[in-house]
Amino acid sequence: MNTGNSKSLDRRAWRKSYTAALFEIDKTKLAERIAHAEKALALRARELFYAAGDNIEEGQALDDAVYALHALRNT
């Protein structure tokens with residue numbers, strides 16, 4: 001298995017969920033989108049915690065996404 005490719009897929013998965021939450025226009029679906037994105041972010045953060053290598057930029061992007069979702073939830 002190519003770990004570089006699976007890492008790329010993991011990175012895309014949380015970003016896709018995050019983007020879906022940010023751009024959800026149906027207020028009845030927003031809370032569900034945010035919850036799904038938060039779960040994906042937490043999973044990726046845990047993966048990065050145990051991953052070898054320099055993941056500082058993605059870690060910072062995860063932190064920023066968490067703050068943005070929190071703000072979105074409270075609007």
Side-chain angles (χ1 to χ4, degrees):
M1 178 179 194
N2 184 346
T3 57
N5 190 24
S6 64
K7 183 177 179 180
S8 176
L9 291 174
D10 293 337
R11 182 177 299 135
R12 283 185 278 163
W14 77 259
R15 288 182 188 269
K16 183 177 178 181
S17 295
Y18 171 62
T19 303
L22 287 181
F23 293 103
E24 180 58 65
I25 58 173
D26 185 344
K27 293 187 185 294
T28 64
K29 296 180 182 177
L30 184 58
E32 181 181 346
R33 293 267 193 207
I34 292 172
H36 186 264
E38 288 172 334
K39 184 176 179 181
L41 289 165
L43 178 62
R44 185 61 179 154
R46 185 175 26 201
E47 289 170 349
L48 288 181
F49 181 78
Y50 291 107
D54 180 17
N55 299 305
I56 293 172
E57 286 182 24
E58 187 177 2
Q60 182 61 50
L62 287 167
D63 288 344
D64 293 344
V66 168
Y67 287 118
L69 289 174
H70 179 74
L72 182 60
R73 183 184 298 281
N74 291 316
T75 58

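Nothing fancy with the numbering, it's 1 onward along the sequence.
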Let me check something: any side-chain donor-acceptor pairs from residues 34-41 under 3.5 Å, sequence neighbours excluded? List them with distances.
| residue | atom | partner | partner atom | Å |
| --- | --- | --- | --- | --- |
| His36 | ND1 | Ser17 | OG | 3.1 |
| Glu38 | OE1 | Arg73 | NH2 | 2.6 |
| Glu38 | OE2 | Arg73 | NH2 | 3.2 |

When Ile, Leu, Val, Met, Phe, Trp and Tyr are grouped by side-chain heavy atoms lying under 4.5 Å apart, directly or through other members, which residues fall in the same group as Tyr67?
none
To the nearest 0.5 Å, tell me how far Leu72 CG sits from Tyr18 OH.
8.5 Å
Test of understanding: with side chain to side chain donor-acceptor pair (under 3.5 Å), list the residues that count as partners of Glu57, not counting sequence neighbours.
none
Cluster companions of Tyr50 among Ile, Leu, Val, Met, Phe, Trp, Tyr (side-chain spacing under 4.5 Å)
Phe49
Salt bridge (Lys or Arg N to Asp or Glu O under 4.0 Å) pairs touching residues 22-32, sequence neighbours excluded, are Glu24-Arg33
Taking atom CG of Leu69 and atom CG of Asp64, what is their separation to the nearest 0.5 Å?
11.0 Å
Under the side chain to side chain donor-acceptor pair (under 3.5 Å) test, which residues partner Asp63, sequence neighbours left out?
none
Indicate if Trp14 and Ile56 have the same hydrophobic cluster label, given that clusters are the connected sets of ILVMFWY residues with side-chain heavy-atom separations under 4.5 angstrom.
no
For Thr75, what residues pass the side chain to side chain donor-acceptor pair (under 3.5 Å) criterion, not counting sequence neighbours?
none
Can you tell me how far the CD atom of Glu58 sits from the CG atom of Leu62, to the nearest 0.5 Å?
5.5 Å
With sequence neighbours excluded, what pairs up with Glu47 under the side chain to side chain donor-acceptor pair (under 3.5 Å) test?
Arg44
